[in-house]
There are 2 protein chains.
Amino acid sequence: MVESEIFRALADPTRRAIFERLAGAREMSVSQLKAGFDVSQPAISQHLAALRGAGLVAERREGRFAYYRVDPKGLTPLACWIDRYRAFWPARIEKLKDVLKGMDR
Amino acid sequence: MVESEIFRALADPTRRAIFERLAGAREMSVSQLKAGFDVSQPAISQHLAALRGAGLVAERREGRFAYYRVDPKGLTPLACWIDRYRAFWPARIEKLKDVLKGMDR
DNA sequence: CCAATATATAAGTACTTACTTATTCGAAAT
DNA sequence: ATTTCGAATAAGTAAGTACTTATATATTGG
């Protein structure tokens with residue numbers, strides 16, 4: 001299932017941190033990403049492969065560099081899954097989120 | 001981290017199915033849940049423990065029965081995490097979701 | 001009290017995962 | 001051409017996961 005792969009990809013803290021870091025930049029090479037994480041380069045490559053398999057991240061090849069970026073469509077299956085359960089959330093949270101939503105316009 | 005536990009809990013298809021089933025009912029006993037899943041009773045109890053540990057589900061004890069229900073606050077950390085990346089989503093999706101949101105009023 | 005029922009816990013196992021180091025592959029630079 | 005550099009792959013390993021069966025712990029009904 002698509003959702004399982006996404007949830008599984010984001011369950012790992014290192015992988016989530018990589019994704020969050022990518023989200024903060026337009027794109028990053030593997031070695032740029034490696035700096036700041038206390039794991040080996042292969043580990044980073046393996047995490048990126050997992051994120052890519054889940055559709056969360058896309059790759060651009062340029063010479064011997066590989067640039068990774070967040071795939072905008074990647075999180076939507078997850079967002080749709082969660083939205084099915086909005087009915088359960090406390091009203092308070094919904095209101096807070098509407099406020100936040102209005103702020104970044 | 002809180003999010004890791006939630007993502008991990010929902011990464012398993014059986015566990016996600018249990019959560020979805022619970023979301024469709026007000027509450028269910030373990031044996032009620034067991035019916036329909038092709039795993040043993042201990043497996044169900046273990047999945048419920050994982051969901052409870054992640055804060056996704058709450059338990060009510062009554063005699064020898066244990067009734068489980070969705071915890072409304074459970075998904076909010078996940079929703080908040082995702083909302084940090086709304087900026088990346090295609091505008092199209094946002095519009096669709098607004099439509100869906102309007103429908104169930 | 002005793003047997004039956006509902007659930008949880010224990011212990012074991014096959015499978016998966018998150019890493020490591022070593023190696024390979026491809027592209028640039030010298 | 002050969003070395004050097006960026007990234008991917010291979011192979012091994014320790015730890016974690018998702019189940020199983022067997023057993024324990026309550027609670028209820030006869």
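Note on naming: letters A, B, ... go to the chains in the order of the sequence lines (proteins, then strands), and numbering restarts at 1 for each one.
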Nearest whole Å is fine: how far is [N] [atom2] from [X] [atom1]?
| X | N | atom1 | atom2 | answer |
| --- | --- | --- | --- | --- |
| B:Arg15 | D:dT17 | CZ | P | 9 Å |
| B:Phe7 | C:dT17 | CZ | P | 17 Å |
| A:Leu33 | D:dA8 | CG | C1' | 15 Å |
| A:His47 | C:dT17 | NE2 | C1' | 10 Å |
| B:Phe65 | C:dT5 | CZ | P | 11 Å |
| B:Arg52 | C:dT9 | CZ | C1' | 13 Å |
| A:Gln46 | D:dA11 | CD | C1' | 11 Å |
| A:Lys34 | C:dT20 | NZ | C1' | 14 Å |

Of the listed nucleotides ([options]), which one gets closest to any side-chain atom of [X]?
| X | options | answer |
| --- | --- | --- |
| B:Pro42 | C:dA22, D:dC19, D:dA22 | D:dA22 |
| B:Val30 | D:dA7, C:dT7, D:dA18 | C:dT7 |
| B:Val39 | C:dA8, D:dT20, C:dA18 | D:dT20 |

Does the side chain of [X] get closer than 4.0 angstrom to OP1 or OP2 of [N] through an N or O atom?
| X | N | value |
| --- | --- | --- |
| A:Tyr68 | D:dG6 | no |
| B:Ser31 | C:dT5 | no |
| A:Ser40 | C:dT20 | yes |
| A:Ser29 | D:dG6 | no |

Give the ring-plane orientation class for B:Trp81 versus B:Phe7, where under 30° counts as parallel, over 60° as perpendicular and anything between as tilted. perpendicular

Taking for A:Gly63 and for A:Ala11 the nucleotide of DNA chain C with the nearest heavy atom, the one nearer the 5' end belongs to A:Ala11

*asked:* I'd like to know if A:Gln41 reaches the base of D:dA8 with its side chain such that a donor and an acceptor end up less than 3.5 angstrom apart.
replied: yes

For C:dT7, does the base pair up with any side-chain atom of B:Arg64 as donor and acceptor (N or O, under 3.5 Å, distance only)? no

Only one of A:Arg61, A:Arg21, A:Arg60 passes salt bridge (Lys or Arg N to Asp or Glu O under 4.0 Å) with A:Glu27, and that residue is A:Arg60

Check your understanding: Is B:Glu59 touching bases, backbone alone, or none of the nucleic acid, heavy atoms closer than 4.0 Å?
Key -> sugar-phosphate

TODO: Remember a base hit wins even if backbone is also touched, and classify A:Ala66 as base, sugar-phosphate or nothing at under 4.0 Å, heavy atoms.
DONE: sugar-phosphate

Rounding to 0.5 Å, atoms CZ (B:Arg52) and OG (B:Ser45) come to a distance of 10.5 Å

**OP:** Verify, without hydrogens or angle tests, whether A:Arg15 (side chain) and A:Leu51 (backbone) share a donor-acceptor contact under 3.5 angstrom.
**Re:** no

- request: Answer yes or no: is there a side-chain heavy-atom contact under 4.5 Å between A:Asp12 and A:Ile18?
  value: no

